[in-house]
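Notes to accompany the following structure.
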Amino acid sequence: EEFLVEISGTTVTITCPVTEGNIVWQPAVTNPSDNDRKYIIEDYDSSPRNLTCSSGDKKYNMYLNARVCTNCEELDALAVSGIVIADLLITLGVLILVYYFSKDRKGKTSTGAGSRPRGQKMQHPPPVPNPDYEPIRKGQREVYAGLEPRGF
C-alpha cells in the first residue's frame, strides 16, 4: 500500500495507507485534522523529512522530498491541452499562409531591366574562363612543375 501525497501551494497533505484503528504519526502532528489518516504540513519549506504512520502492528515509513512554491499556479489537463492545440493551429495557419504567398510569387515574372518580350529567346554568351584557374592541358605541365610536394 502507498501513501497519498497532495500538494497545493505550500501545503502538503499526506494520507496514511492504514484504514482502521488509532493512527499515530511520527513526528507528531502539529495541525491535527478531522481525519486521523491525514498529516497536514502548512508552510512546508521543501526540506526532506522522514514520516511514519502506524496503527497497532502495522507501520509505514515514508521519505518526503517535495518541492513547493508560493506563487505557483495549478493548471488542469483541459487548460494545458487547449494551449497546445491553439499553438498547433496557429503554426499550421502560418505554414499555410507562407505556402500560398510563396506559390503565387513563383508564377509572376518581374518587369525589370533584364526582361524581354514574349516569344523571343534570350541567348546567353558563353562564360569567360578565368585565366588564373585555367585547366591543365597536355603538354603544358611545365607551368605547374614548381607545385610538386616537398618533403620536410
In Å and rounded to the nearest 0.5 Å, what is the [atom1] to [atom2] distance from [X] to [Y]?
X	Y	atom1	atom2	value
Y39	T52	OH	OG1	10.0 Å
S55	Y60	OG	OH	9.5 Å
I41	I7	CD1	CD1	10.0 Å
D76	S81	CG	OG	8.0 Å
S8	E6	OG	CD	9.0 Å

Taking all non-hydrogen atoms of both residues into account, name the closest pair between [X] and [Y] and its distance.
X	Y	value
I23	C53	CG2-CB, 4.1 Å
P27	L51	CD-CD2, 3.7 Å
Y44	V68	O-CG2, 3.2 Å

For this session: Check salt bridge (Lys or Arg N to Asp or Glu O under 4.0 Å) between K59 and all other residues, then give those that pass, not counting sequence neighbours.
Result: none
Problem set entry | T15 side-chain N/O to R37 backbone N/O, donor-acceptor pair under 3.5 Å | no
Exercise. Would a distance-only check, ignoring hydrogens and angles, find a side-chain to backbone donor-acceptor pair under 3.5 Å from R49 to Y63?
Worked result: no
Exercise. Hey, are the side chains of I83 and D87 touching, using non-hydrogen atoms and a 4.5 Å cut-off?
Worked result: no
